[in-house]
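Here the structure comes first, spelled out in structure tokens, and everything after it is commentary.
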2 protein chains.
Amino acid sequence: MQEQYNIRQLFPGLEEKLYQEMETHGEIRHIAAGDTLLRKGQTIRSTMLILDGIVKLYQEDEDGSEFFMYDIEPGEACAVSMVCSYRQENSQVLAKALTDATYMMIPNQYMDEWLAKYKSWHYFVIRTWRTRYEGLLNTINDIAFKNMDERLLLYIEGQVKKMGRHIKLTHQEIATDLNSSREVISRLMKKMEKNGWLIINRNSFEWIKP
Amino acid sequence: MQEQYNIRQLFPGLEEKLYQEMETHGEIRHIAAGDTLLRKGQTIRSTMLILDGIVKLYQEDEDGSEFFMYDIEPGEACAVSMVCSYRQENSQVLAKALTDATYMMIPNQYMDEWLAKYKSWHYFVIRTWRTRYEGLLNTINDIAFKNMDERLLLYIEGQVKKMGRHIKLTHQEIATDLNSSREVISRLMKKMEKNGWLIINRNSFEWIKP
DNA sequence: TTCCTTAAGTGACTTATGTCATAGATAGCA
DNA sequence: TGCTATCTATGACATAAGTCACTTAAGGAA
């Protein structure tokens with residue numbers, strides 16, 4: 001079961017003995033699209049490594065509204081779950097599965113042990129924090145300096161790079177990712193269509209800008 | 001010279017031998033209020049530990065506008081400057097001294113060495129990243145969910161907690177910290193004054209809300 | 001005192017975005 | 001084929017915040 005995910009390929013550059021420990025102590029879990037991996041305030045007991053699927057990280061308001069920050073993809077880890085065992089930490093964020101997802105849970109007790117034993121592990125931890133920090137920087141950059149039209153353009157270009165020119169997303173889904181509302185996205189996309197940048201279909205659109 | 005700052009007190013909990021290495025290899029630098037510690041895009045060659053003064057971290061736009069994110073205080077480190085030597089990194093942020101400040105620069109070559117030798121050092125590094133990540137989360141929380149009036153209130157209450165009820169700040173300075181404009185802050189503060197929360201003076205104000 | 005610089009107050013206006021209401025369009029199912 | 005749920009389109013309006021222009025006030029310097 002564990003072997004259907006190649007952790008050596010997903011998390012390259014770690015020591016062989018560390019991979020073996022991960023296989024021994026890591027618990028593989030599955031989660032359905034839309035379900036919550038980590039709630040805000042929840043005590044963190046394990047480090048989570050994403051093996052399959054996409055997990056989305058949100059900042060959550062007191063009143064329950066969610067603000068999307070960034071995605072975590074296979075081969076990446078949830079930084080907030082990487083806690084040094086000497087203090088109990090609570091999650092400040094909300095993590096939800098976008099698609100069905102699989103992840104490996106490594107109980108916190110191994111964090112200290114592995115930090116001591118494996119050089120590659122502490123690089124991995126630091127690299128993970130750094131990557132997530134950069135994710136937040138990008139988010140801040142977007143909301144501080146860019147208008148929705150720019151953000152939408154960057155978002156679409158990002159999708160095109162990943163998925164090709166035919167994008168299967170509703171306006172509502174895009175709006176949610178950009179923390180905006182459907183009407184706003186519809187209007188902006190209509191404008192883009194008038195500019196000849198894309199063709200809008202139901203549930204999808206085609207990016208035709210060169 | 002080095003001895004005028006007690007690093008054992010500023011950075012508690014590290015190994016004695018590590019303090020000694022810090023004293024041997026760390027270079028103490030001074031910087032004047034308003035000067036830049038780290039520019040965006042600059043190659044990072046040293047880890048910076050703040051010994052005295054306050055350093056402000058900004059996100060910088062392509063066109064040069066600055067967005068204030070958080071402060072770094074004595075006893076804290078600039079996370080973005082903590083790079084694992086095996087790859088050259090460039091700064092994605094701008095760091096400026098708010099007050100005259102003193103900091104210790106530790107050349108990157110020691111990062112790997114110390115990570116290997118001192119357990120306390122890698123905890124320190126991870127803790128630093130975590131703290132900075134939380135700083136960004138708060139920033140995002142503010143701009144995503146709060147209006148200026150709430151943010152101003154929280155800001156003032158924070159200042160009161162630190163400096164007492166008599167705050168020596170101009171509206172312009174507050175506006176800059178909140179990434180807003182003077183007029184907006186003036187108007188909101190006038191409203192607060194009408195509510196009997198504060199008394200506005202030139203260059204300062206008194207917080208009288210219970 | 002008088003002058004001048006800087007801070008603060010304020011009305012008028014602009015703008016981006018969000019919200020409401022309502023209508024039209026499309027795909028898939030019965 | 002027609003029905004219905006779900007998308008999409010769009011006008012009208014609300015609102016927070018930024019900008020401009022100009023005024024008023026305070027404090028230090030001469």
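In what follows, every chain begins at residue 1, and chains take the letters A, B, ... in the order their sequences are listed.
Straight-line distance from the NZ atom of B/K194 to the C1' atom of C/dT10: 10 Å, rounded to whole Å. For the pair B/I199 CD1 and D/dA25 P, the interatomic distance rounds to 19 Å; values are reported in whole Å. The CG-C1' distance, from B/L152 to D/dA17, rounds to 14 Å in whole Å. The nearest whole Å value for the distance from the NZ atom in A/K191 to the P atom in D/dT10 is 12 Å. As rounded to whole Å, 7 Å separates atom C1' of D/dA16 from atom CG of B/N147. Whole-Å rounding puts the B/R151 CZ to D/dA16 C1' distance at 13 Å. A/I143 has its CD1 atom 16 Å from the C1' atom of D/dA17, to the nearest Å. Between the P atom of D/dT15 and the NZ atom of B/K146 lies a distance of 21 Å, rounded to the nearest Å.
In this structure, the nucleotide among D/dA9, D/dT19, C/dG9 sitting nearest to the side chain of B/V184 is D/dT19. Here the side chain of A/R202 is nearest to one of C/dT6, C/dT10, D/dA5, namely D/dA5. Side-chain atoms of A/I200 lie closest to D/dA9 of the nucleotides D/dT19, C/dT10, D/dA9.
Under the 3.5 Å distance criterion, with hydrogens and angles disregarded, no donor-acceptor pair is assigned to the side chains of A/Y70 and A/N138. Between the side chains of B/T102 and B/Y5, a donor-acceptor pair is found at a separation under 3.5 Å.
Within 4.0 Å (heavy atoms only), A/S181 reaches at least one base atom of the nucleic acid.
Between B/K191 and B/E193 there is no salt bridge, since no side-chain N of the basic residue sits under 4.0 Å from a carboxylate O of the acidic one. A salt bridge between A/R39 and A/E60 is absent, with no side-chain N of the basic residue lying under 4.0 Å from a carboxylate O of the acidic one.
For D/dT6, the OP1/OP2 oxygens have no side-chain nitrogen or oxygen of A/H171 closer than 4.0 Å. Under 4.0 angstrom from either OP1 or OP2 of C/dT17 there lies no side-chain N or O belonging to A/S180.
Comparing A/D149 and A/R182 by the nucleotide of DNA chain C that holds the closest heavy atom to each, the one mapping nearer the 5' end is A/D149.
At a cut-off of 3.5 angstrom, the base of C/dT10 holds no donor-acceptor pair with the side chain of B/R187.
Between A/W114 and A/W121, the ring centre distance stays below 6.0 Å.
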